[in-house]
Amino acid sequence: MLRTVSALTLGLMLGIGHAHAAAGDDVLDIVAPFEINGTDPSTAGDLFLKMGVAETLVGADEAGKPIPALAASWELSDDGKVWRFKLRSNAIFHDGTPLTAEAVVAALTVARGKPGILNKAPIETIAADGNDVVIRLSEPFAPLLAFLAQNTTAILALAAYDDKGRVTQVIGTGPFRISLLQAPQKMTVERFDGYWGEKPSIRAASYLAVGRGETRALMAESGDADYVFNLDPASRTRLSRSSKVSVLSVSIPRSILLKVNAGDPLLKDARARQALSLAVDREGIAAAILRYPAAANQLFPPSVASWHNANVPPLTYDPAKAKALLADLGWKPGSDGVLAKDGQRFALTLVTYPDRPELPLVAAVLQEQLKEVGVAITINSTNSSEIPAKHQDGTLQMGLAARNFALVPDPIGTMLQDYPPQGGDWGSMNWSNAEFDQAIKDLSNISDTAQGQPLRDKAVSILQSELPVIPIAWYQQTAAVSKKLENVRLDPFERNFGIASMRWAQ
Amino acid sequence: MTRTLGYRLFQALLVALTVGVLTFIMVRALPGDMAYRIAAGRYGYDMVNTDAANAVRTELGLDRGGAAALGQWFWDLVRFDLGVSVVSGEPVIDEVRHQLGHTVELALAAVLMSLLIGPPLGILAGLRPGGAIDRGLLLVSSTLRALPHFVVGLLLIIVLATGMGILPAAGHGEPQNLILPALTLALGLAAVSSRVARDAMAGVVSSPYYAFGRTKGLSEAQVFLRHGLRNVSVPIVTYLGVQFIYLIEGVVVVETLFAWPGIGHALVHAIFARDVPVIQGTALVMGLMFVLLNALVDLACYLIDPRRQTA
Amino acid sequence: MTTIAVNSSSSVLEQKRISVGRFIGFTILAFIVLFAFLTPLVWPVDPTKQSLRNVLAGPSWSEPLGYDHLGRSMLARLAAALRLSLGLAFLSVLTAAVPGVLLGILAAWKGGIVDRALSILGDVSLALPGLLLVLMLTAIAPDSPWALYVGISLVLWIEYFRLTRATTRTLITSPAVQASRLLGFGPAYIVRRHLWPEISPMILTVGAFGAATAIMAIAALGFVSVGVRPPTPELGLMMTELLPYYEEAPHALLQPIVVVFLLVLSLNLIAGRKAR
């Protein structure tokens, strides 16, 4: 027995002899925290899109503007209700079948029947007309193009679905096709020679989901991975000194925000919310936890130019003013240092989730900072779904979330979901403002950027003064990239890793 | 022997029953709305919302009664069907095979490595109790046992992967990916198994038959092979059997550190996402594996030393 | 914790000559316990109080062990985390040992159907994945140490049961016990006079190992973010939180590691050289 054992283990040990191939070969090794939740675009579409396996009808440029993808062009009827998309004639699926209008209609119909984004658009019918796809709306809806660029609307071949609309295998049209899919952690792809667009220079790539940030950083450092997505602040500092990798970062439309229940007796008055906002030292949080200039003095960062309003007075840190505001509202410090009024303490529960490791940290700092002005916070760090669940049953007081405003490349898609009258799961809660509601409603009918600008500025300034959510910090996406890799660009909308345009240094 | 195996079979049935009922009751006791949790597991924190939760509720029929769901599980189990994951939609048996397969691979490699490190050193120490090797080994094994796994793993990564660059830091797929996580676990195992072997060997060495073997003129190696090895093997095999199952549970830390897909990781995620079929399937397979392993240990001990009757 | 450790050590002293290892073990443990429980009296700093200016600052006169990544006092946090780990480990060992020993004696004493039933219960619980049990309990009661404690006790009790049952079974047939029974002494007397002296040193060994296992398990669960939640100081959690800063502030990361190391080492030494 011992002999077999030693033979086996020796065999294992000999593996050491071969210089470990992981990053030495011409396979591009990508590491990121996102797990592969299955084969369906509704659950794992983001990764199929990021890896260049699947494509959407409409794409997005670096500013989030719609650009042709599987649809070569499109036109809108005069009443704004009928969209006609002309498909690329030379696009083929990975199983060799051509891209047809029928396949697109089938894929979009399935996507619309599942949780995602398409079921939130006022779509009446999706139909094929020759080689065109025609989408009929019940009312004009400008963000439709952005919706069709979202990953849950990725187009798969007819053969990818079973008779119940479940995806059995991933057959996309992208520049890469899947050669191995091991949910939830691993996927390898290889170049697809029948791709309609420019042929990528990278021959093959592998994707590995690694949940632990330190492990990701170590993999970048040891050369096991060529492209490591999402670095924690401490690792970013360390890796930026490394000679083997370069650290890239880009400002992304994602913000840490404090969702407050404007229907709660403690938070009903806008002045109470303003006081909370004044008590938050955003610079301190950004410097200590996120370690980049991230203090959010309004909801959107300057990089989202159309939704950043440079003219609104920025949110500031002024605990003295916060105390004064609360005192105006009749709150007086109690014996335990917590404010009280009519026998009620200013005590709130804050719900957050650890999926993004910085959130519980930010929550802990907020707890301390709010304590300074006499507001007692209890942190409940739990599952992310508790925020929408508690929003629905009305028991949420505050939620700390990292909200992605690029669910679709145009932030209006997220705004429509999160800030409808009386609130949305991840945005305002029990808050309405007639002017704001009208502005958002009008925006969904205007596709021209310049024309919508006054409405957006108005909406942002209303949010800034009423504070149905309190912005805390803006995000930057960071990645460590091997110096052997050229032409790497971070997509601010996190839609694509950009493998197709990368190449190995000669 | 047949009696023992018969008892193991009976135990297997009881385990299946207990796992089914217990996990079922516990999952029902978990706080929060199941539909929301499943939706969060499926669609991620960016996309989870009430619409998604309601869609999940309708799709899975979460409103139906508990007894019906439990009955359905048992009925499916009788037909060897563990159901489908509510998160990924994959058959549970495939997920368990994939995840548990990786864990077993890791655990086996760790046990094999520890066998190469631990017992030989222990036997060496046990031959001369109180000697320099014995004392040195005690020091090393006490140190290793008191260090958390991830500290050992991290040190190994920093030295062997980022420092010397001879092994990959993390990941899976290539054979060399297995070495660091397995070594991390093996060091912890060897720390204990070397002590077990040392104590057993010290006992054997001090026994009359061993002394007699020496007196009758056998060389040190001959005495060890004829009288030592077989007697030392029983406690080591028993110990390894027990350790193997602890290992399968204990790997969760090593799995997360080395990005190794495995059952610990899968269980944590399944519980977060309220993936009841996966929880039940995993627990069932793990319980049955434990029973099987015990039966194998019984058998191995019987083969090594037929005199022993299992109690 | 201290008093019991001292009591059992003196009884051990009477029975056998105390080994050097055990003595060292008790000494280290005593120091750790003193550190954990005296620190809040001598150094009354709130372990959750942050000062973002001092993030990851090293040890100084005003703060002997430095600050963590949120500028919280490492000294106060270490002591608080130790109290939690020690308390949980002690409680789990106690709640595992009492029913384990009692059921073990009962099974061996009664024999027959009681023995069979209890043995089957033990075997089945052993086969239940302990990890699953602990994970589920911590999910049922998030952020409460009792879930950890119940989970660990449920896993630990079987060992006491099996050992006690095996020991009692051999003892009960011994001439001494037979004689006592014939003389009409009740079970309480027999347990006190014949069984306890044999079982108690074994329980000390298993208990010390059990406590070490519990402490490692709590730390490991903290490391995978199961169990106690921030900002509660917990040794495993502190390690995870400080891990990203291993290069910037190794002194901070090393502290919980060293403490766990010493604690587990002392318990292993107390348990004696004989490994399981």
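Residue numbers begin at 1 in each chain, while the letters A, B, ... track the order of the sequences.
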(message) Using 30° and 60° as the class boundaries, would you call the ring planes of W157(C) and F161(C) parallel, tilted or perpendicular?
(response)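 It falls in the tilted class, 30° to 60°.
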For this session: Against chain C, label L231(A) side chain, backbone, both or neither, depending on which of its atoms sit under 4.5 Å from a heavy atom there.
Result: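 Nothing of L231(A), per the 4.5 Å heavy-atom cut-off to chain C.
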Please confirm whether R238(A) makes a cation-pi placement over Y245(C), using NZ or CZ under 6.0 Å from the six-membered ring centre and within 45° of the ring normal.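 Output no; distance or angle outside limits.
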Can you tell which part of [X] gets under 4.5 Å to a heavy atom of chain A, answering side chain, backbone, both or neither?
X      : result
Q50(C) : both
L70(C) : side chain
N54(C) : neither

- Message: So K371(A) and E368(A), do their side chains get closer than 4.5 Å, heavy atoms only?
- Response: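 Counting from C-beta outward, E368(A) and K371(A) do come under 4.5 Å.
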Quiz item: With side chains defined as the heavy atoms from C-beta onward, is the minimum distance between K259(A) and I387(A) less than 4.5 Å?
Solution: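 Yes, side chains in contact.
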